[in-house]
Amino acid sequence: MEPAKAYDPKTVEDKIYKLWEESGFFAPEAHQPRADNPNKNKSFTIVLPPPNITGELHMGHALNTVIQDVLIRKKRMEGFKTLWIPGTDHAGIATQAKVEKELRKEGLNRFDLGREKFIERIWAWQEIYGNKILGQLKKLGASCDWSRTRFTLDKEYEKAVQAAFLHYYKKGLIYQGERVVNWCPRCATSLSDLELEYTEEKSHLWYIKYLLRKDALRQTQGDDNFIIVATTRPETMLGDVAVAVNPKDERYKNLIGKKVILPLVGREIPIIADRAVDQKFGTGAVKVTPAHDLTDSEIGLRHNLKIIQVIDERGRITKEAPLPYQGLKIAEAREKIIDDLTKLNLLEKTEDYIHQVPKCYRCNTVVELIPSKQWFLKMSDLAKQAVKAVKSGKIKFSPKNFEKPYLDWLKNVRDWCISRQLWWGHKIPLDGVDDVLDTWFSSALWPFATLGWPENTKDLKTFYPTDVLSTARDIINLWVTRMIFSGIEFMGKAPFHTVLIHPTVLTKEGQRMSKSLGTGIDPVGLIEKYGADAVRFGIAYQLLGGQDIKFSEENIVMGRKFCNKLWNASRFVMLTSDVNDEPLTSDVNELPKCQIIQQLNQTIESVNKNLENYQFGEAAHTLYDFFWHDFCDKFIEETKNSAQGGSASGGKNQKLLLHVLLTSLKLLHPFIPFITEEIYQQLPIKDKKQSLMIEKWPL
RNA sequence: GGGCGGUUGGCGCAGUUGGUUAGCGCGCAGCAUUGACAUUGCUGAGGUCACAGGUUCGAGUCCUGUACCGCCCACCA
């Protein structure tokens, strides 16, 4: 049957993907490399950044899938032992929050179910969404080795996590400590600094009078009988243990060492001097609450102050506070305290104040700082290793300027709080501990745990270290740094040589795409509308210069048009080919040195160079221009004219047409795999491979 | 508060080490055409390259400053 006039991706894509899966060529051992292949002993490995099982994929995933698949498909055609490992991430807090939200719709919370039932419920969720995500990757055409699919919470992976934890523990790098940690009262867990999201909020700066104790009063010659502190968190005053001023501050020099009476509480607390106090802010005198503020906690340590916890894990005032405030929620307590201070005439003034409020990055609840017993991983030595790997050039970032934020962060890094009071995650391997590990502790092991570590597997020997890691910039420090030091620590080698930071996909208006804002675009919807190849080519075409992408559907339209052009040009070549009885050859040596061949060779050279430098957009543009304008508009039209004069030159032109078409299909295949494969399957050529996937890449 | 990036035709973007008429996609206008393709072909309109100075024989491209936009990082109560 004659191929349809217009290319219809719907009739092609599922069929072709099935063909690929059945061929087995996604796995590195599926086909024998040619004897003359210089790369046959080299491997090329990518680990897919495992998507969180919290929902469906977004455009960022689609973009990253295109990048990785282009790299993988090209290397596969070059004859490398190519492995792209897929998988998903259990995403501790994110998934737990998602499932809790589901429960809430049923009027339940996780405590109603209990730990075991709740975890069962999440496993049911992971079954659905994990598979959904893998299905979406397949729709995009990802040529991952699905037989090696991993999940960060599967049984084997659990072994890796345990082994890692015990290694650190035995080495003395893991310790338990009572520290002030970020705490989400809704999730009831600690959070790392990186898991906070700050939002700017209008609030107030309250100026509160702390009265001096009577004997202190007698000793001061001034007429002030109080010191004023400014705060944005009046409710924490219930836990104050001192008032601090800068030692150089002349205004307060004679007050240092004196005592004040903490309003509403009645506790006597000292006025101390500490360098952390900024003279210029507020009144230059700051209330010190070591239990609920990080700076204060450090001041407390320096001055040997008590820690009085007045906010508990659920965000309520504790029994350490005076009776009237006990059990109140933070907002209620704040209101009552302001009220009471006003009545006592201790509120000097209230100013409007805009400040950054930390919120839980998963559930958007205001995060509290509370003292809590947690597990920490010592970072200083590990961070040094991670710094060295990049400074020595063993790992390169592309674009290079992302090395700076990476190095800056590592330079100032604090110990990593790795315990979470969640139910969904890896349990800390020590008896009697209910805490789980930060989800990033397990994903830090991804490049080698997916290959079988801690067992010394064949895969590990063959495919580690991996080659390119492609990811979004916002998880450089959450994930990339931690993979790097983990790889060095456990494998003795950096886990990859290149970190590819891809652009962020924004809306056309320049907004961040997000579900909650309603600005997200579903790649699968686009695939249904335009076809996967159109989506892929549209994305690749826009991957220029490395800056963020304002997504516009017009590029996908272009992709669809291009696919159609390719389809019809191929139809033309094939229709005219049928005239010949003999199968046509694509032997390069028989080709004349004409203009189209010259242009083709330039295209090959340019595409190779651009792909080696991760210039995907440039490569896509080059291919587009060559195929459409040089090949279709000029060369094909010319062959029509020359054919009219007689059939003598017809055969030669056929070979040429077929050669250029086949080479173009090879070059385009990494970008638009479905349509190129479909056409390849129909081509009347000798020595056809089972799939275009394993054809020889043009050099 | 610190760091990074952006500002080029209606929209989305390219412009390598400074050098003849600043490119691409989408859109727009006119013309063409049933024989690969109307998801087409040809032709064309449309930009004082954010602003102000400076370096240079010559700057979208280098330097200084300004404005606006975006992102990341940061314990200023």
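Side chains are part of it too, since the values below use all heavy atoms of this structure and drop only hydrogens, waters and symmetry mates. Protein chains get the first letters and strands the later ones, always in sequence-line order, with residue 1 at the start of each.
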Does [X] make a cation-pi contact with [Y] (under 6.0 Å, within 45 degrees of the axis)?
X	Y	value
Arg233(A)	Trp206(A)	no
Arg536(A)	Phe671(A)	no
Lys404(A)	Phe397(A)	no

Looking just at side-chain N and O atoms, do Lys400(A) and Ser398(A) make a donor-acceptor pair shorter than 3.5 Å? no
When the [atom1] atoms of [M] and [N] are compared, how many Å lie between them, rounded to an integer?
N	M	atom1	value
G9(B)	G44(B)	C1'	14 Å
A59(B)	G19(B)	P	11 Å
U61(B)	U16(B)	C1'	10 Å
A45(B)	A29(B)	P	16 Å
U7(B)	C62(B)	P	11 Å
C11(B)	G27(B)	P	16 Å
G23(B)	G30(B)	C1'	23 Å

Applying a 3.5 Å limit to both distances, which nucleotide forms a Watson-Crick or G-U wobble pair with [N]?
N	value
G70(B)	C4(B)
U48(B)	none
C37(B)	none
G9(B)	none
A77(B)	none
G18(B)	none
A29(B)	U43(B)
G58(B)	none

Check the distance between [N]'s [atom2] and [X]'s [atom1] and give it to me in whole angstrom.
X	N	atom1	atom2	answer
Leu543(A)	G15(B)	CG	P	13 Å
Lys565(A)	G25(B)	NZ	P	13 Å
Asn555(A)	A14(B)	CG	C1'	12 Å
Phe635(A)	A36(B)	CZ	P	15 Å
Tyr541(A)	C24(B)	OH	C1'	5 Å
Asn412(A)	G2(B)	CG	C1'	11 Å
Trp409(A)	C71(B)	CH2	P	22 Å
Asn610(A)	A14(B)	CG	C1'	12 Å

Under 4.0 Å between any heavy atoms, over every strand shown, what does Glu553(A) touch: base, sugar-phosphate, or nothing? Just pick one. nothing
Any [X] side-chain N or O less than 4.0 Å from OP1/OP2 of [N]:
X	N	result
Tyr353(A)	A77(B)	yes
Lys609(A)	U16(B)	no
Arg473(A)	C4(B)	no
Lys640(A)	A36(B)	yes
Lys550(A)	C13(B)	yes

Both Ala6(A) and Ala276(A) contact RNA chain B. Which one's nearest nucleotide lies toward the 5' end? Ala6(A)
Between Ile636(A) and Lys561(A), just flag the one whose closest nucleotide in RNA chain B comes earlier from the 5' side. Ile636(A)
Ion pair Lys10(A)/Glu528(A), N-O distance below 4.0 Å: no
Are any of the side-chain nitrogens in Asp249(A) or Lys280(A) under 4.0 Å away from the carboxylate oxygens of its partner? no
Which one of Thr236(A), Val181(A), Ile311(A) satisfies the side chain to side chain contact (heavy atoms under 4.5 Å, CB included) criterion with Glu368(A)? Ile311(A)
Interface residues of residues 289-298 of chain A with RNA chain B (non-hydrogen, below 4.0 angstrom): Thr295(A)
Winner on side-chain proximity to Ser552(A), out of C37(B), G12(B), A14(B), is G12(B)
What I want to check is whether an N or O donor and acceptor connect the side chain of Lys404(A) with the base of C4(B) at under 3.5 Å. no
Kindly indicate whether the side chain of Gln542(A) and the base of A14(B) share any N or O donor-acceptor pair separated by less than 3.5 Å? no
Can you check whether Pro49(A) reaches Asn64(A) side chain to side chain, under 4.5 Å on heavy atoms? yes
